[in-house]
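See below for the structure under consideration.
Atoms within a ligand are numbered from 1 in the order they appear, just like the ligands themselves.
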Amino acid sequence: MIGHDDKQDSRQDYRGRRRLVLGVLALAGAGLVARAVDLHVLNKEFLQGQGAARYLRVVEEPAHRGMITDRFGEPLAISTPVDSVWANPQELIQQREQWAALARALGMPRTDLERLLAARRDKEFVYLRRRVNPDMARRVAALEIPGVALAPEYRRFYPAGEVTAHVVGFTDVDDAGQEGMELALDDRLRGVPGAKRVIKDRLGRIVESVERVREPQPGEDVALSIDRRLQYLAYRELKAAVRKNRADAGSAVILDVHTGEVLAMVNQPAYNPNNRGKLKRSHLRNRAVTDVFEPGSTIKPITVAAALETGRFNAHTPVDTRPGYFRVGRKTIRDFRNYGLIDVSTVIQKSSNVGASKLALSLSPETLWKAYASVGLGESTGSGFPGESGGLLTDFGGWHDIQRATVSYGYGMSVTTLQLARAYAALAGDGRPLPVSFTRRSAAEAAELAALYEPVLSVSSLRAVRRMMERVVAKGGTGTRAAVPGYRIAGKTGTVKKSGAGGYVEDSYIAVFAGLAPASAPRLAMVVMIDEPRGEKYYGGAVAAPVFGKVMAGALRLLDIPPDDIPSMPGQRLALLRANGGGGQ
Ligand code: 59J
């Protein structure tokens, strides 16, 4: 019995166990269901959010920066897509064994890489190297290092390099305009970055684009007023002249007389905007708009125009410059030599300081001042170029005889090269100084702007002064080297003593030539300024005028401007000779 009972007991025992096991299983199952409900229903949002935060990201999509071109659409600044290498320091720090290979692929010393990582060790992002070439990007990607990834960016490239450097300027590492037109036009050039939601893998690489949150909006392309051909000519000749004359610096500007557009603007020393590694701050300066100097004798045509405007003088009115100097109060005004009894026209041709002073002293301070101010002296050119200087034209209230005399031949006032070019463009046109433009401007726009100005100098006075200025480049003038065969050129030389803290410095000069062409119907105004020529020659006529002549000769031809001085062309004479039966014998 006992055995039987035993059997029954054990059966009973099994039943109990089964119940226990089933109970445990049921509980476990219920637990799983509860957990599933908890995860999928009750906590769904929180948990999905947590997961998404790990892999779903919103990343910025850089916008394409607009292109800067010259007036004909030739590219001067363009953005091309490139990759930047970045890392998640927290992850990369754990890949110590990969650092050497990575540093090699990035072309940087391993210590630099270590320093970058150490500096941002508890961050999730650091750029290792921005805007790498495609080769380097490929090599880095091939390493497949966790925590290292590529991000698309744009790289700015300047096809004309040094030739347009000062005008175009450049952007910083974040593609924002820093200098020049890149800065002035930043609002138009810069796009609006887009945003997209992406899924990233464990390595931070984008594996899937989920949705565009915002489309990137590309910036606008902008055409400058610059003519790349004239720009290059001016660049080449200025650079050669600065070197040849062992000068410190120089600037040259060409303006379109009818529209006020800048067709060319160059400076020396220059720099290569594509490789700005180690350059001097002073090389970056667009001196033509930021630096001022006393214009010296280049101001005389305006002084003479003011005198003509009174109706009391014409080109042939005599002016006594004897004996080559002239006392005004305690000051003696001197000419280069004694030009004797000359006429107004010769005051310009020979550049007589005494003559200019005598004309100025016959005018009221206000009349004289108004003439200078009417061509834009003492005010900004309106170009909008960053850092532009407006020069200096003091109030005529303080213009006693000495001030009136010195200002008449360009001292006690200051100008930028651009300002002087604008004043000459006004002399070349109808006396109204159009605001200068670095972007294209239509003839209609120019006419609208011109209507805002009230000319002070009449068309007939200006025409008469231009005639006198033609004598400057003719035989016997100070600027014969500015002549261009086949064209009538009007211009003025200037040799200006530089002033320092203690007054005017000996053997330290600025050589200038300012002029316009073709003189019969002027289209171009140009100024060449060369700072401290240290060679044996330093006169404006010897140093600056030749640059003007060479650049203007090329510019007139490139712009298809018909010659207005045909009779002196040898080809013409030959043709005449032939037509008259010159070879008959
Ligand atoms: C000059 C001056 C300095 C300032 C004088 C140039 C004055 C003057 C005080 C002596 C060289 C020089 C206010 S000269 O530009 O007259 O371009 O081809 O710097 O006169 O009073 O050894 N230009 N230049 N003057 N100052 N103050 C002539 C002239 C000019 C030439 C040559 C030779 C000066 C014909 C200048 C040129 O027209």
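- Note on residues 464-482: pairs passing salt bridge (charged side-chain N to carboxylate O under 4.0 Å, His left out), not counting sequence neighbours, are E470-R488.
- The immediate protein surroundings of ligand 1, defined as residues with any heavy atom under 4.0 Å of it, consist of S297, K300, K331, F336, S351, N353, T406, Y409, Y411, T478, T493, G494, T495, V496, K497, Y504, Y509, Y538, Y539, G540, G541.
- Considering L418, L263, V527, L524 in turn, L418 is the only one that fulfils the side-chain contact (heavy atoms from CB on, under 4.5 Å) rule with L255.
- The stretch residues 494-537 participates, sequence neighbours left out, in these ring pair (Phe, Tyr, Trp, His ring centres under 6.0 Å) pairs: Y411-Y504, Y509-Y538, F513-F548.
- Just one residue in the list N286, T290, T381 forms a side chain to side chain donor-acceptor pair (under 3.5 Å) with E388, and that residue is T381.
- Within the structure, every pair that satisfies the ring pair (Phe, Tyr, Trp, His ring centres under 6.0 Å) test and touches residues 428-486, not counting sequence neighbours, is listed here: F385-F438.
- With hydrogens and angles ignored, the 3.5 Å screen pairs a side-chain donor or acceptor of E261 with a backbone N or O of R441.
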